[in-house]
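The structure appears right after this line, and notes come after that.
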Amino acid sequence: MKCLLIASESAEVLFHWTDSEFQQNVQEQYGASQEEGQGLPAFEDSISTLFAPIIISCSTMVDRLGDSYTSFITESNHIYVLHQFDECLYIAVNGDGEEGEDDLKRKIYVMKKMIEVLFGMVTLSSNLLRKELRPQDTEQRARLWKHLQSLLETYSQLRENDQSFLVEAVERLIHPTLCEQCIEFLERRLVQQLNSSAERAGEEVLHAFILVHTKLLAFYSSRSASTLSTSDLLALIIMAQEMYPSNVDLEETGPEDIDSTSGSGHESFYTPEPSPTDKDSNSSEMPVRGSTPVFEFIDPDIQMAEDSLQTLEVPPPDASTPRRVFLDVSSKDGLYPMMPHSMYCLQLWPGITLVLLTKIPTNAVAMSVYTFLEAFAKLEKRLREGHEGSAATRGQLTIHDIRNKLDKFIKALGPSEIQSAHLQNVWTEFKNRAFSRGGPGLNKDLIPWCRNMKTQLCGIYRQCFLNSASADVPRHLSTGLQERAQTMVQEKLMDWKDFLLVKSKRNITMVSYPCIALDPADLTYLEEFPGLIHFICVDRSTGQMIAPSLNITERTTSELGKGPVAQFIKGKVWSLVGTTRHFLRKGYSTVTLRDGDFYFCYFLWFENETGYKLEAGEIPVLPDESAPIGMLAWDYYRKLLRYYSKNHQGEVVKCYELLTVHLGVIPTEIILQHCRQLASKLWEPSRNPLL
Amino acid sequence: MAELVPPDSLRCNYFFLYDGSKVKGEGDPTRDGICYFYPEETPLDKQELLCGQLAGVGRCVSELSSSPVRILRLRRIKYAIQMKDQFFWALGCSVDVPTVSVCQFLDQLINLFCFYNGSVRQSYQLHSRETLAARWAQYLSHIQSGSSELQHIFSCLKTIDSTNVDPLLLLKAALILQACQRCPLVLAGCILFRGRVVSTQMSPELTMKVMVHESETYSKTQTCNGPSASSSFDSAVGSTTVFLTLSELQYLQSAPVDKGLSSHSTLQKDAPPKKTRLSRTLSDMASTESDSTEPDSIQSSQKMCFSPCFSDSDNSVLSPAPSQSTTNPPNSQSQSPKPSFSNRKQSQEAGEETLDESYYHSFHSSGGAGSRTQSEEDGSVFEGNSYLNGGGGGGDGDLAFETIFDIGEVESGKKESHDHQAVTGDCNSEGAQGVMAQHNPAPRSITFESPEESPLIAMTLYLHRVQSLVLALLVEPHFLSDTASMEEVYHSSLASLNGLEAHLRTISPVAPGAPEPYIFAHFDRIQSTLTTNLSGRPGGAQEHPFVRATSLLHSHFCNTETLQEAIIRSAGAAVYVTSSVAHETYFQQNRGSLRNSGIPNHQDSAFSLPSKARHRLLKHGVNLL
């Protein structure tokens, strides 16, 4: 019984996602009369009627008490989590006990993050966002909602099964040599070739990375690019997974592959021999270009939930058309959030994907729009606080600066196909009020006009970057160029393909991977740390994590045993992460728990660049309603690092987390010794050539 | 322990009871539904807003999930909700209070109301809103008053500081209670001193309820008569009607004390009654005594000191029984009905074959000896049935009620014959006790809150005050009209109470010695009692982090059954907690001793907390080994 709903203040449904059980529940409450309705609209009506009293009560509480609901829990443990972002109210419901309050809250924040990545600064204007999320055209609406629903499902799937989405950090494939080769290849061959091609239509490849399922094999950023934040990278991985989902079952079909790399064999030394038969066998698996990716989550629930949409099935967009994504860019003049990029997601083989991120030629417009938006937002804030006249513009670009720039900006827009007449009118009116001699000047009356200006600017931004359909000339890397890039990387990785697919499932394991690389005499984790069952180590400064794979399907026997046992331990690990976040939120950076037959440890600590461990400082206590701790939706750790660094000026501070699961019979002292060794070993520079 | 009340322990921000049945039509104003609103000075439109919105949203969510809302959280305040029978209760606390505690708080409040007033619906039919508002206010302030933040977190009983009291006094208190129980009209009792529990025979929940009345009369006598009021019969003794749920009554009636007595005394009729009684009290002493003091070590020390005193006369009866009931009271309860059951079965064998065995079993094993004697004394068959429905109904609610009623009818054919046998049998045993004469009880009143709910049975709470010491007994309603029993109970306990009071009064609070370099809190989950070396005074630099950590950990341990131990640490404080089915113990070492904070290191001082706790807490009678 799950549901996620976005509603406007007037109780209009802007988006909804439900699982089949919830849908059934709603339909039962509405009786048979609704079932014979025309699918989507009828169901949408029921949902909005059911939730309307909650939504309306919510806005009443905000208006009259200045407080809003955050959650309801019923006696049967149904959980409702509510959160309001501007004028959009998000409601997430769980009635099957699979998700807790924190999970639901996280889901809401992730949904918001995905919407930001997809719509950029349009999200800053509730009015426009409402239109964007709920297009009048039902067909268009169905397509959009289906896409969002699919993203949400992909995320939920990943959060439930993938450790990197559990802790919200990127997991890399641990294979130093291959990784290095690939990075070099991306840099010297691929990106260089693409950026020097005439077919790139003004776009410039900034980042290129190769994903094996959700794990990162290689990542390259061009010199002119700013760093891609972990938050954005994780969001992009979700999008890539949504486009080319990994089918968990299919990949389990090669037990012989697993045998060849597990056990005593040291994976680091695995070098595949390019056998002549390889080509033949692979050619059959090569995806035919243009073929539609099969939606591979054969989950009956998901199918059911989407039945309502089937009447409005829309052909998928052309695969060569890039996705428009909005990512944070930090340049030397400051941070520009939600700058437009194009995302090319090219499948090399099922499970292996090449992702290219390009800067689009009209990027500068977005930067200007953001500068103006920020200026008007600040002005509005100052006016609201009661400042008037020149005091209202203190501490920022002078209003006259903005005036000149905006005049130029509008002039520049003039000849293009972008409709800027509205903006121009509002701007003229604004100027009349603010600057003319007889006018009211800079005072409170200007507030609505500030808002109006912001809406108009968002409108321009929307026209420029979201209406890709209206542009006649396809402004993106040509199909031929994309194909060439794909073939290049395919050729490069051809011999490694099978190895990579297996490796991604058993990246490192407790039994097969030596603690210290490249020395066959070394012990495995299991040998070196007897009693250690599992661990996760996260470098929060880079947003990367290392953990032994948890294979929990029936077919694979991992060192955790088959199915249920592994599943049990997985459940424990998942709940441990939730628990430790709960304590971290309250300022506790060390937690140990003896739970049943297990002993859990959690540590968060700081180091300087040379690996010297720094004294723990006070960690801020967060209020209950703050955003969930993580890196995907809201980067808690970046804030934490900034907070901690205040007392360590001039020093590069790094932040690490370690979680371990031990057998309960192991003496605590030994467990703690293990933790210390793990903490120092895992991030030894030699161990991590990629950092 | 000194009674210091932190001023900020008032933690309820809002409490209201809203009656949805009063606001049905479109035009009905919301205020008609507001039965009680705290704080009372809240402007009416705000009251209406909160009641209307919360109740409305609550109903909507309940319908969507087909289950009543339990918790409703806003950004700045969280509400525990109860929805029952068109009534909507909401209790709002700051978001820092653990959710478990807020829910417990609300349940306590509603249960208190029902305990003293019976069904809520009926109370509102019988009494004016103003009268009942005063009662809600009284209960609300009672729960909030006089307890520290820690006590709020655990919703625990306030007990006297047992470490400071001679164990013999606790034994004495337990003996007084057991002596009172010799009167069959007395169900159970507790002894309170200055608003704190000395000894109790009731469940923690029930004891908590009883204490409200005590504190109320205490404050009255304080203001009217002064603390040194002479103990004339009239001013010292009082009573009030209270309402018990079926399960509470059952629990009381199935208490091991009754069973042991009736079977014992019927078997050993020749033995001098005094002696049997003494043996019984001793064997049960430990279990009642442990109600007020939890640490094992104290129990053992007590055993050591009382056995030389009593063993000369009763050595043979100081059997393994005490230790059994000490360690595991619930077990001994489930076993105890058996002897009486088999006894009766023997005496009633004659016409029982046709009776459904299972019905028979539930009927007899749940109705205690006390109820049995009652129904048998009762002349009319019908009266007997209705009594059993109230007193011995096995389950809660309608179903159990009806099945039992059916047995009654099946039985009624042969009832007369075997009733007769039973009466003679029991008369014998009562003769041996020599306490009760034949007696016609007044028909018991049973109130039903709603068809789905368990009925509430009217009982009487009898209070006997000796200065700051109070003996509170739950008695059958007709106890008050039975002068003989009342005098018996009064006179038999008066001297002992006086003595106990004199002793307890002379105990001076321990002078606060050098502050210990650690803080601990030991919560007994079964007795619902708390032992701590925390002064209760706010402002200690070490105390706030400890209380905060405790509150966090407590709610976490409530939600995770398999959890046994935890250490959490922030930059300034590390807290260790260990828990089992029976207890939760929290321990914090004071500042200045945290080393290597934060980094995984086995030399970190936080990880030495478990051994330190084990070592240090032995002194306080907390055994973690």
Side-chain angles (χ1 to χ4, degrees), chain A residues 1 25-26 29 50-51 53-54 57-58 60-61 64-65 67-78 80 93 95 575 579 582-583 586-596 601 603-606 613-619 623-625 658 668-673 675-676 678-679, chain B residues 45-46 49-50 52-54 56-78 81 83 95-96 99 545 548-549 552-553 556 560 562-575 578 594 596-604 606-607 610:
Chain A
M1 263 264 302
N25 188 38
V26 169
Q29 293 201 14
L50 277 175
F51 279 97
I54 302 179
S57 177
C58 235
T60 312
M61 292 298 271
R64 295 196 46 195
L65 279 182
D67 205 346
S68 58
Y69 302 118
T70 57
S71 69
F72 307 116
I73 301 171
T74 71
E75 259 162 36
S76 55
N77 212 18
H78 286 207
Y80 293 66
V93 186
S575 79
T579 306
H582 183 72
F583 286 118
K586 297 295 169 201
Y588 298 94
S589 57
T590 303
V591 178
T592 68
L593 303 166
R594 184 182 296 282
D595 183 350
C601 295
F603 297 94
L604 178 140
W605 74 97
F606 300 94
K613 294 186 172 52
L614 302 167
E615 274 295 299
E618 202 67 56
I619 287 177
D624 279 346
E625 74 266 13
L658 174 70
T668 327
E669 265 183 29
I670 308 265
I671 292 178
L672 294 166
Q673 226 159 354
C675 290
R676 200 181 67 158
L678 272 173
Chain B
D45 59 332
K46 188 169 180 188
L49 175 71
L50 274 173
Q53 295 300 325
L54 298 197
V57 152
R59 182 149 13 99
C60 177
V61 171
S62 302
E63 274 167 20
L64 253 168
S65 288
S66 21
S67 163
V69 174
R70 189 76 180 106
I71 296 146
L72 190 158
R73 197 171 307 165
L74 292 156
R75 259 182 302 150
R76 287 199 287 271
I77 196 164
K78 70 168 106 168
I81 306 285
M83 296 169 79
V95 282
D96 300 327
T99 309
R548 210 165 59 92
L552 262 178
L553 284 165
H556 193 66
T560 323
T562 46
L563 218 53
Q564 299 152 28
E565 271 188 338
I567 299 169
I568 58 172
R569 80 115 103 246
S570 59
V575 175
T578 172
L594 278 182
N596 299 317
S597 47
I599 305 144
N601 186 341
H602 61 286
Q603 285 169 341
D604 193 324
F607 302 115

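Order of the sequence lines fixes the chain letters, A, B, ..., with proteins taken first and strands second; residue numbering starts at 1 for each chain.
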Is there a donor-acceptor contact under 3.5 Å from the side chain of A/Ser57 to the main chain of A/Pro53?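 No, because the side chain of A/Ser57 does not come within donor-acceptor range (under 3.5 Å) of the backbone of A/Pro53.
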
Main-chain N/O of B/Ile81 paired to B/Arg70 side chain as donor or acceptor, under 3.5 Å: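 A pair under 3.5 Å: yes.
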
Over all heavy atoms of both residues, which pair between B/Pro610 and B/Phe607 is shortest? Give the atoms and the distance, please.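 The answer is CD-O, 3.4 Å.
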
Quick one: what part of B/Thr578 sits under 4.5 Å from any heavy atom of chain A, side chain, backbone, both or neither?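 Contact with chain A: none, neither part.
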
Heavy atoms only, distances under 4.5 angstrom: which of [options] has the most pairs with chain B? Name it, please.
{"options": "A/Thr592, A/Ile54, A/Ile671", "value": "A/Thr592"}
{"options": "A/Gly95, A/Ser575, A/Gly587", "value": "A/Gly587"}
{"options": "A/Cys58, A/Pro623, A/Gly596, A/Cys601", "value": "A/Gly596"}
{"options": "A/Leu658, A/Thr668, A/Thr579, A/Thr70", "value": "A/Thr70"}
{"options": "A/Met1, A/Met61, A/Glu75", "value": "A/Glu75"}

Below 4.5 Å from any heavy atom of chain B, which atoms of [X] appear? Answer side chain, backbone, both or neither.
{"X": "A/Phe51", "value": "side chain"}
{"X": "A/Tyr69", "value": "both"}
{"X": "A/Asn77", "value": "neither"}
{"X": "A/Tyr80", "value": "side chain"}

Set of residues satisfying salt bridge (Lys or Arg N to Asp or Glu O under 4.0 Å) with respect to B/Asp96, sequence neighbours excluded: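 Salt bridge (Lys or Arg N to Asp or Glu O under 4.0 Å) check on B/Asp96 returns nothing, list empty.
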
Using side-chain hydrogen bond (donor to acceptor under 3.5 Å, both in side chains) as the criterion, list what pairs up with A/Ser71, not counting sequence neighbours.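 Scan of A/Ser71 (side-chain hydrogen bond (donor to acceptor under 3.5 Å, both in side chains), adjacent residues dropped) gives A/Glu101.
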
Any Lys/Arg nitrogen of A/Asp67 or B/Arg73 sitting under 4.0 Å from an Asp/Glu carboxylate oxygen of the other?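 Looking at A/Asp67 and B/Arg73, the cut-off is not met.
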
Determine whether the side chains of B/Ser65 and B/Ser67 contain a donor N or O and an acceptor N or O closer than 3.5 Å.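 No, because no side-chain N or O of B/Ser65 sits under 3.5 Å from a partner of the opposite role on B/Ser67.
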
